[in-house]
Amino acid sequence: MTFEPRIVGFLCNWCTYTGADLAGTARIKYAPNLRAVRVMCSGRIDPTFVIKTFLEGADGVLIGGCHPGDCHYQEGNYKALRRYKLLKKILPDYGIEPERLRLEWVAASEGDRFAKIVDEFTEEIRALGPLSFGESIAESMSLDIDPHKELEGREEEK
Amino acid sequence: MDSEERIGVYICHCGTNIASKVDIAEIVEFAKGMKGVIVAKDYKFMCSDPGQGLIEKDIKEYNLNRIVVASCSPLMHEKTFRKVCERSGLNPYLFTMANIREQCSWVHIDENAATEKAKALVAAAIRRSAFLEPLERREVSINPTTLVVGGGIAGIQASLDLAEAGKKVVLVEREPSIGGHMAKFDKTFPTLDCAACILTPKMVQVGQHPNIELFTYSEVEDVSGYVGNFKVKIRKKARYVDENLCNGCGMCMEKCPGTRVPRKGNVHERLSLGPTSAIYLPSMQAVPAVPVIDRNSCIYFQKGKCRICEKVCERDAINFDMEDEFHEFEVGNIIIAAGFQTFDPSVVIRYRYGLLPNVLTAMDFEIMNCASGSTGGKILKSDGTEPKSVGIIHCVGSRDKRYHEYCSRVCCMYALKFAHLIKEKTNAEVYNFYIDLRCFGKGYEEFYDRLLGEDVRFVRGKVGEITDLAIHPGEQGKLIIRVEDTLIGAVRRVPVDMVILATGLEAPEGLAELAKKCNVSVGKDGFIIERHPKLGPVATATDGVFIAGACQSPKDIPDTVAQASAASSAVLSMIMRGKIEIESATAEIDEERCSGCRICNDLCPYMAISFEEEKGVSVINEALCKGCGTCVAACPSNAITAKHFTNEQIFSEIEGLLQ
Ligand SMILES: Cc1cc2nc3c(=O)[nH]c(=O)nc-3n(C[C@H](O)[C@H](O)[C@H](O)COP(=O)(O)OP(=O)(O)OC[C@H]3O[C@@H](n4cnc5c(N)ncnc54)[C@H](O)[C@@H]3O)c2cc1C
Ligand code: SF4
Ligand code: SF4
Ligand code: FES
């Protein structure tokens with residue numbers, strides 16, 4: 001059986017989620033591998049959401065927000081961008097390829113682009129294969145530990 | 001976690017929209033097996049009356065305390081189902097929606113894959129719903145005073161509508177007089193009514209209305225607060241003439257030895273300038289009829305000597321020590337009616353605007369043609385003689401990827417108006433150079449038809465160049481318009497005496513800053529973005545901020561007035577309601593957990609977070625918080641909760657998606 005990647009998308013309500021809806025209204029077909037979590041703004045996406053998602057067995061995570069300058073709450077997307085960059089640095093420490101995390105700005109009018117991104121990302125993750133991190137890491141990241149604190153610690157070490 | 005959650009799950013077929021791709025029966029069975037689910041049912045159309053009735057009945061019968069509907073997007077029907085819950089006495093925030101149409105059945109081909117994905121989405125919704133908490137509905141009262149920014153025809157109409165309904169209006173106009181562009185026109189298409197005759201009475205009414213507080217030569221300095229309760233700060237620039245003392249006699253202007261110089265490089269100011277003294281009245285019909293001293297032109301301000309106006313003013317209204325004043329108001333709603341400015345054609349070098357004196361812009365022509373303009377309404381070349389031929393060039397700055405991609409909507413029509421006026425006042429031959437003629441409004445096509453009968457020439461083609469370089473004696477002393485006539489398929493040279501550039505409309509200077517102050521956005525084209533292009537043309541994404549007129553996009557006077565009245569009626573409806581419900585899903589700080597690091601304080605785009613020195617913790621002003629969640633994700637102590645988007649709720653959703 002071929003490997004079907006499991007991808008979770010955290011999409012902001014005003015742009016990317018609406019764009020994803022538009023792909024639907026326009027009946028544009030794309031890979032069924034991504035499942036969306038709707039948040040009001042990409043600024044709400046806590047790095048722990050991403051870590052938690054990988055821990056739960058996702059092979060890829062997409063963060064979707066409004067284009068720079070278009071955030072409904074002015075600049076939540078810039079905050080998301082900073083956290084994304086931080087995560088990209090930290091993921092390898094957990095044994096997770098940074099390519100498994102992707103950030104995209106998708107406007108409410110870009111249904112076709114949303115579909116293309118999902119297709120592309122699905123193929124990229126398919127090429128990477130299923131996510132597997134060492135036993136020890138999975139153990140140390142068990143949810144008793146507040147991943148938030150964990151991240152903080154890591155950041156200071158750097 | 002609420003151990004006693006009793007969840008009802010409803011799967012919608014949406015006719016065949018969902019059912020043709022997703023195995024509904026399988027989803028129902030799957031849902032039944034999940035923790036906390038008391039009933040799981042499917043129905044053809046959940047949003048229909050019987051569908052809603054089904055939920056209401058079950059809530060009572062099974063004593064349900066959580067509802068999940070798997071159907072279309074929450075952006076479509078979340079409100080509908082929240083209302084269903086409310087009618088049955090269930091807090092609307094205990095409702096969850098799974099989007100298995102827009103983001104599932106409509107976008108996937110394989111039925112198994114679609115069914116699997118739908119299961120994951122339903123599982124996520126069910127798991128999330130277990131963690132939901134009831135939220136209190138929040139209402140704020142609406143201050144009945146309205147701020148209107150911009151005193152063109154849009155702002156005038158909106159202000160009068162509100163004032164006539166007995167509501168207070170604060171009208172802020174940055175120029176010394178209200179009236180906007182329309183006040184500079186002589187005639188208006190398509191009916192050729194006299195602009196002054198229809199506008200001036202309205203301007204006077206604004207100036208005298210007891211319910212309108214008019215601030216001209218003023219700008220909005222700052223806006224804070226939220227729908228129903230905005231605080232605005234207005235800067236009233238010093239005009240050096242006391243409005244309360246001046247009686248508009250005009251002595252000062254008569255005696256002033258200065259001449260007003262336009263601000264350097266500002267084509268828009270250059271355009272609106274007839275020859276005037278340094279102390280000037282923008283027009284004969286100005287409201288208020290109080291002159292202004294232009295500091296840059298005033299001999300006293302520039303050289304330290306003169307003050308002639310002060311001596312001649314019998315009312316002692318001149319005050320050289322006047323300073324900018326600040327005024328603060330509380331208003332419930334804001335209407336932005338800041339209009340447009342015209343495109344500066346000097347960047348289109350081939351048209352040689354500014355180099356060839358008989359190349360005019362549309363506004364130059366309007367001002368010349370106006371009875372109170374520089375030539376007393378006569379159409380004259382720079383040498384004072386009447387032109388024998390005039391070329392009008394359409395779409396200058398519009399429909400051109402290098403400048404503005406959009407169509408400015410009014411240029412075709414005003415170009416036709418110009419052609420008619422030139423024919424009426426002179427014996428000149430008139431040529432219109434157009435790409436397409438867009439005569440879309442009521443009576444517009446008829447107006448075009450009338451012009452064809454007036455012997456106006458139409459040449460279809462985009463003009464390449466305007467030059468005074470003659471290549472044969474017939475072109476000597478003329479402006480030559482080089483154009484590819486696409487109807488005959490040849491390049492032509494048309495010699496004329498005068499050229500009018502039909503310059504397009506663009507967002508006025510300062511609109512983006514004003515928008516930012518009011519927390520609304522401008523689009524790629526620079527105009528303010530409306531809430532919905534079809535169904536919300538006068539509202540914006542920010543509650544309590546409305547738009548009217550050309551600041552939303554180029555438009556003619558009829559559309560501007562219609563939009564202005566739509567905006568004022570939207571505001572009136574808010575005022576009459578007296579109260580409005582605002583976002584309940586805000587953020588909250590747990591005092592116990594907050595370490596007082598203040599990281600969140602600067603992150604909030606709405607300045608909703610402040611620091612309480614005594615307790616050493618941060619607090620969120622719920623009235624200001626919009627629930628974006630930025631601070632929540634940033635707090636290193638995990639002290640902030642985003643209501644309705646808590647970590648627990650999102651974690652359980654993730655678990656559901658991947659279970
Ligand atoms: C050459 C020409 C001819 C035209 N002829 C016709 C015609 O014959 N018939 C017709 O139907 N339409 C015509 N139009 C279109 C018409 O001008 C517009 O429909 C109309 O003026 C729009 O009104 P408005 O109030 O939205 O904007 P404006 O008339 O531009 O008024 C906006 C006002 O807001 C003020 N303002 C701007 N920014 C601020 C700020 N930050 N703070 C405070 N105040 C601010 C401005 O000073 C101005 O007074 C013509 C347009 C042009 C360019
Ligand atoms: S970021 Fe968290 S801990 Fe720091 S002040 Fe804000 S609420 Fe308190
Ligand atoms: S959720 Fe957003 S709006 Fe509310 S306090 Fe936090 S940062 Fe400000
Ligand atoms: S609302 Fe879309 S990123 Fe902030």
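Only this structure's heavy atoms are used, side chains among them; waters, hydrogens and symmetry mates stay out. Order of the sequence lines fixes the chain letters, A, B, ..., with proteins taken first and strands second; residue numbering starts at 1 for each chain.
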Trainee: Who among Met40(A), Lys29(A), Arg6(A), Arg27(A) has the most heavy-atom pairs with chain B under 4.5 Å?
Mentor: Arg27(A)

Trainee: What part of Val8(A) lies closer than 4.5 angstrom to a heavy atom of chain B: side chain, backbone, both or neither?
Mentor: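 Just its side chain gets close to chain B.
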
Trainee: Just so I understand: if I count every heavy-atom pair under 4.5 Å between each of Asp70(A), Thr53(A), Thr18(A), Asn33(A) and chain B, which residue has the most?
Mentor: Thr53(A)

Trainee: Can you list every pair that meets salt bridge (Lys or Arg N to Asp or Glu O under 4.0 Å) and has a residue in residues 100-111 of chain A, with sequence neighbours left out?
Mentor: Glu97(A)-Arg100(A), Arg102(A)-Glu104(A), Arg102(A)-Glu120(A), Arg102(A)-Glu124(A), Glu104(A)-Arg113(A), Glu110(A)-Arg113(A)

Trainee: Mind checking side chain to side chain contact (heavy atoms under 4.5 Å, CB included) for Ala80(A) and listing every partner two or more places apart, or none if nothing turns up?
Mentor: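 Listed in chain order: Ser42(A).
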
Trainee: Between atom SG of Cys625(B) and atom OH of Tyr73(A), what is the distance when rounded to the nearest 0.5 Å?
Mentor: 9.0 Å

Trainee: Taking side chain as everything from C-beta outward and backbone as N, CA, C, O, which of these in Leu22(A) sits under 4.5 Å from a heavy atom of chain B? Side chain, backbone, both or neither.
Mentor: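 Neither the backbone nor the side chain of Leu22(A) comes within 4.5 Å of chain B.
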
Trainee: For Ala120(B), is there any backbone N or O sitting under 3.5 Å from a side-chain donor or acceptor partner on Arg35(A)?
Mentor: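 Judged by distance alone, no pair lies under 3.5 Å.
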
Trainee: Write down the atom of His72(A), the atom of Tyr606(B), and the distance for their closest heavy-atom approach.
Mentor: O-OH, 3.4 Å

Trainee: At their closest point, which heavy atom of Ala633(B) faces which heavy atom of Pro47(A), and how far apart are they?
Mentor: O-CD, 4.3 Å

Trainee: Quick check on the structure: residues of residues 12-19 of chain B within a heavy-atom distance below 4.5 Å of chain A, by number.
Mentor: Asn17(B)

Trainee: Would you mind reporting whether Phe49(A) and Asn647(B) have side-chain heavy atoms less than 4.5 Å apart?
Mentor: yes

Trainee: Quick one: are Phe54(A) and Ile654(B) in side-chain contact, heavy atoms under 4.5 Å?
Mentor: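 A side-chain contact under 4.5 Å is absent here.
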
Trainee: Under a 4.5 Å cut-off applied to non-hydrogen side-chain atoms, are Glu56(A) and Gln659(B) in contact?
Mentor: no

Trainee: Who wins among His644(B), Glu116(B), His108(B) for the most heavy-atom pairs under 4.5 Å with chain A?
Mentor: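 Most heavy-atom pairs under 4.5 Å with chain A: His108(B).
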
Trainee: Let me know if Ala31(A) has heavy atoms under 4.5 Å from chain B in its side chain, its backbone, both or neither.
Mentor: backbone

Trainee: Where is the tightest heavy-atom contact between Cys41(A) and Cys628(B), given as atom of each residue plus distance?
Mentor: CB-O, 3.6 Å

Trainee: With a 4.5 angstrom heavy-atom cut-off, is it the side chain or the backbone of Tyr17(A) that approaches chain B, or both, or neither?
Mentor: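 Contact with chain B: backbone and side chain both.
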
Trainee: Decide if atom NZ of Lys79(B) counts as having more than 12 heavy atoms of other residues, nucleotides or ligands within a radius under 6.0 Å.
Mentor: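 No, because the 6.0 Å sphere around NZ of Lys79(B) holds 12 heavy atoms or fewer from other groups.
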
Trainee: Under a 4.5 Å cutoff for heavy-atom pairs, which residue among Leu121(B), Asn99(B), Ile529(B) has the most contacts with chain A?
Mentor: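 Top option by heavy-atom pairs under 4.5 Å: Asn99(B).
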
Trainee: Determine the minimum heavy-atom distance between Val37(A) and Ile650(B), stating which atoms define it.
Mentor: CG1-CG2, 4.3 Å

Trainee: Test side chain to side chain contact (heavy atoms under 4.5 Å, CB included) on Leu75(B) and Asn13(A) and set out the steps.
Mentor: CA-CA 9 Å; Leu75(B) 304 182; Asn13(A) 179 64; 3.2 Å; yes

Trainee: Is the CD atom of Glu99(A) crowded by more than 12 outside heavy atoms at less than 6.0 Å?
Mentor: yes

Trainee: Which atoms form the tightest heavy-atom contact between Lys117(B) and Leu34(A), and what is the distance?
Mentor: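 Scanning both residues completely, I find the closest heavy atoms to be NZ-O, 2.9 Å.
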
Trainee: Measure distances from Lys79(A) to the heavy atoms of chain B and classify the residue's part below 4.5 Å as side chain, backbone, both or neither.
Mentor: side chain

Trainee: Rounded to the nearest 0.5 Å, what's the gap from CZ on Phe651(B) to OG1 on Thr48(A)? Could you check?
Mentor: 4.0 Å

Trainee: Taking all non-hydrogen atoms of both residues into account, name the closest pair between Gln103(B) and Ala20(A) and its distance.
Mentor: NE2-CB, 3.5 Å

Trainee: Against chain A, label Leu658(B) side chain, backbone, both or neither, depending on which of its atoms sit under 4.5 Å from a heavy atom there.
Mentor: both

Trainee: Return each pair, listed once, that meets side chain to side chain donor-acceptor pair (under 3.5 Å) where at least one residue sits in residues 514-524 of chain B; pairs must be two or more places apart or across chains.
Mentor: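 Sorted result for residues 514-524 of chain B: Gln74(A)-Asn519(B).
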
Trainee: Can you tell which part of Arg38(A) gets under 4.5 Å to a heavy atom of chain B, answering side chain, backbone, both or neither?
Mentor: both

Trainee: Quick one: are Val118(A) and Val107(B) in side-chain contact, heavy atoms under 4.5 Å?
Mentor: no

